Amino acid sequence: MRLSRYFLPVLKETPKEAEIVSHRLMLRAGMIKQEASGLYAWLPLGYKVLRKVQDIIEQEQNRAGAIELLMPTLQSADLWRESGRYDDYGKEMLRIEDRHGRDLLYGPTNEEMITNIFRSHVKSYKDLPLNLYHIQWKFRDEIRPRFGTMRSREFLMKDAYSFDLDKEAAVKSYHRMFVAYLRTYKRMGLTAIPMRAETGPIGGDLSHEFIVLADTGESGVFCDRDLLEKPIPAADIDYDGDLSEIVDDWTSLYAATEDMIEMDKFEADVPEDRRIAARGIEVGQVFYFGEKYSEPMGAKVLNDEGKEVAVHMGSYGIGLTRVVPAIIEACHDEDGIIWPVSVAPFELGLINLKTSDDASVETCQKLYSELKNAGIDVLYDDRDMGAGGKFATADLIGLPFQMIVGPRGLKNGEVEIKDRKTGERSNVSIDTAVEHIRAIIEPLRLDKI
RNA sequence: CGGAGUAUAGCUCAGCCUGGUAGAGCACUGGUUUUGGGUACCAGGGGUCGCAAGUUCGAAUCUUGCUACUCCGACCA
């Protein structure tokens with residue numbers, strides 16, 4: 001992409017409403033634009049990151065055996081009356097009346113609807129286990145939206161729903177999602193720690209929140225330092241096999257949110273030098289809630305004895321529009337964002353320092369074309385402006401690498417490559433520059449970890 | 001929902017106390033500069049001062065009402 005033809009409204013100054021660093025940087029980097037309280041437009045750069053996050057989530061969900069579909073944002077109130085949640089959910093649910101006076105609602109979550117889909121079509125234990133998910137916009141009329149897209153009213157969420165014949169099988173489904181989540185966050189460059197959590201309005205008796213440690217997090221968390229270093233299950237993990245060992249390994253170390261903390265146990269289980277008491281951002285949550293919806297809504301199958309039984313369900317959420325600022329909270333410095341390659345809006349910034357110099361322009365054109373052919377997602381800064389501004393833009397929007405082209409380097413047949421994260425620069429010859437950067441970027445894409 | 005605050009140009013803000021018909025920097029447009037970490041200079045465009053009513057000869061400024069947004073607290077991916 002040529003920057004002169006792109007839509008990247010970066011801000012030099014920080015809009016006053018933004019309190020936390022991710023919100024400030026998302027506004028300054030031209031990723032989002034607030035439309036109303038808790039409602040945001042995703043501008044091209046932000047949307048590109050959101051799509052990359054979505055791709056990773058889809059890949060890992062699919063790998064774990066979940067199947068993607070898409071449900072509507074608006075739902076019939078009748079469905080929610082069946083589960084009893086139409087009255088229970090409260091003012092957080094946006095209620096709408098259509099022209100015929102029928103009660104609708106903008107979905108805050110989809111347990112009822114997915115249960116309805118399931119019961120319409122699945123009648124036999126032979127069709128289980130089943131895990132269906134979608135990535136769709138949700139609306140929760142939060143009392144106080146804040147921190148940009150971190151807590152917005154409209155938000156994009158991946159929600160998966162598992163269906164199993166009994167609790168034992170349901171726990172296996174829960175484990176599959178648990179492992180998939182570990183991999184998903186890791187691929188985005190996040191260290192997310194599963195912590196025992198309250199089940200809240202979703203209900204149920206087994207739940208973990210996945211928490212990214214950050215000073216700006218909204219929850220207080222307590223955990224064992226060793227969790228931060230734990231290796232993540234590899235891409236070739238067998239999701240049909242027994243995952244309980246992995247889950248047990250992760251859950252054997254103490255980790256809980258402030259709502260669930262038992263201080264005695266925390267201090268007894270974790271040696272003092274390994275105790276972490278910190279703030280955290282909740283980037284996902286998994287629940288097992290058994291027959292809470294299947295029973296009242298009649299989601300039943302015949303078992304191998306021909307008996308009708310309510311299925312055991314779980315639900316598994318990741319807030320995509322929260323994950324993006326969480327990554328920024330974890331990856332930034334005073335100059336701007338530092339994207340992990342896997343979610344970077346562009347992998348490389350190609351910077352032409354001097355657009356009035358024919359040799360620079362010509363070299364950039366050639367490199368730009370070769371980089372694209374080499375499969376590198378490159379943003380070519382061909383704007384007619386000073387070098388300082390171009391460096392500042394590239395640093396702000398956080399492209400992992402910069403390829404800097406100017407008359408000084410060209411005299412020696414070289415271009416400069418800068419690593420955004422370390423600040424290291426190195427000169428490489430023009431002829432090998434594309435291959436050089438490709439060799440650096442490819443292993444960082446984390447298609448497999 | 002309780003408490004606190006803000007609203008003036010695209011952004012950051014000054015002017016309001018003490019009423020006299022709107023400013024700065026950045027951004028934008030045209031030009032000069034050809035500048036390797038936001039270069040410098042010249043010229044220019046852009047605002048019913050959140051909305052409504054009131055007081056007044058006169059309101060960005062004073063009064064009242066409304067709306068939007070932000071921050072602190074209790075809830076949530």
Side-chain angles (χ1 to χ4, degrees), chain A residues 9-20 23-24 27-28 30 33-39 53 57 89-93 107-110 135-160 181 185 192 197-202 207 209-212 217-219 257 259 280-287 315-326 335-336 351-358 360 383-396 402 404-411 415-416 418 423 425 427:
Chain A
V10 298
L11 304 175
K12 208 164 178 177
E13 283 168 289
T14 306
K16 63 179 168 190
E17 71 268 18
E19 286 295 309
I20 65 169
H23 189 194
R24 284 201 292 265
L27 290 167
R28 288 198 54 214
K33 161 105 173 72
Q34 180 171 4
E35 291 298 331
S37 178
L39 300 177
V53 165
I57 291 172
Y89 217 91
K91 288 182 134 181
E92 207 175 280
M93 185 155 75
T109 178
N110 286 63
I135 294 173
Q136 177 61 291
W137 291 91
K138 308 290 191 289
F139 192 93
R140 293 182 191 172
D141 202 356
E142 297 281 347
I143 297 167
R144 182 144 103 85
R146 63 180 130 175
F147 302 150
T149 67
M150 186 82 83
R151 181 205 279 298
S152 49
R153 294 193 294 173
E154 190 183 43
F155 60 99
L156 189 61
M157 180 164 86
K158 186 285 298 183
D159 39 327
Y181 275 34
Y185 296 118
E198 282 192 306
T199 51
I202 308 283
S207 179
E209 287 180 357
F210 285 75
I211 303 277
V212 173
E218 292 192 86
S219 331
T257 61
D259 304 324
I281 300 167
E282 184 192 338
V283 289
Q285 188 163 8
V286 291
F287 301 88
S315 73
Y316 315 90
I318 296 178
L320 282 78
T321 44
R322 175 177 286 182
V323 160
V324 173
D335 294 324
I351 298 178
N352 183 356
L353 289 180
K354 198 160 182 175
T355 49
S356 59
D357 180 68
D358 289 344
S360 297
R383 293 174 300 172
D384 180 19
M385 66 181 287
K390 293 187 180 184
F391 288 132
T393 298
D395 287 349
L396 174 64
Q402 297 166 20
I404 301 160
V405 180
R408 238 181 247 176
L410 293 186
K411 263 191 287 185
V415 297
E416 189 173 293
K418 179 185 161 186
R425 302 137 168 276
N427 292 312

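Computation of the quantities below employed the complete heavy-atom set of this structure, encompassing side-chain atoms and omitting hydrogens, waters and symmetry-equivalent molecules. Since we're looking at a predicted model, the values are computed, not measured. So you know, we letter chains A, B, ... as the sequences are listed, proteins then strands, and number each from 1.
- Using a 4.0 Å heavy-atom distance criterion, A:Glu416 is classed as a base contact.
- The base of B:rG37 is paired with the side chain of A:Lys418 by a donor and an acceptor separated by under 3.5 Å.
- You won't find any donor-acceptor pair under 3.5 Å spanning the side chain of A:Glu13 and the base of B:rG10, going by distance alone.
- Nucleotides B:rU34 and B:rA40, compared at atom C1', are 12 Å apart to the nearest Å.
- If you check B:rC76, B:rC69, B:rC26 against the side chain of A:Arg151, the one that comes closest is B:rC76.
- Residues A:Tyr89 and A:Arg140 have side chains in contact (heavy-atom distance under 4.5 Å, counting atoms from C-beta outward).
- Nucleotide B:rU56 is matched to nothing when pairs are restricted to Watson-Crick or G-U wobble geometry with both distances under 3.5 angstrom.
- The partner of B:rG19 is absent, by the rule that a Watson-Crick or G-U pair needs both atom distances under 3.5 Å.
- B:rU6: Watson-Crick or G-U partner is B:rA68, with both key distances under 3.5 Å.
- Heavy atoms of A:Lys354 sit under 4.0 angstrom from primed sugar atoms or phosphate atoms, though from no base atom.
- Residues A:Tyr316 and A:Tyr181 keep their aromatic ring centres 6.0 Å or farther apart.
- Counting atom types as modelled, A:Arg425 pairs a side-chain N or O with a base atom of B:rG37 as donor and acceptor under 3.5 Å.
- Base engagement by A:Ile143 is indicated by at least one non-hydrogen atom pair under 4.0 Å involving a base atom.
- Comparing the P positions of B:rC16 and B:rG23 gives a spacing of 15 Å, expressed to the nearest Å.
- Residue side chain A:Phe391 fails the stacking definition with respect to B:rG38, as its ring centre and the base's six-membered ring centre are not both under 5.5 angstrom apart and under 30 degrees in plane angle.
- Counting any heavy atom pair closer than 4.0 Å across all strands shown, A:Ser360 reaches no nucleic acid atom.
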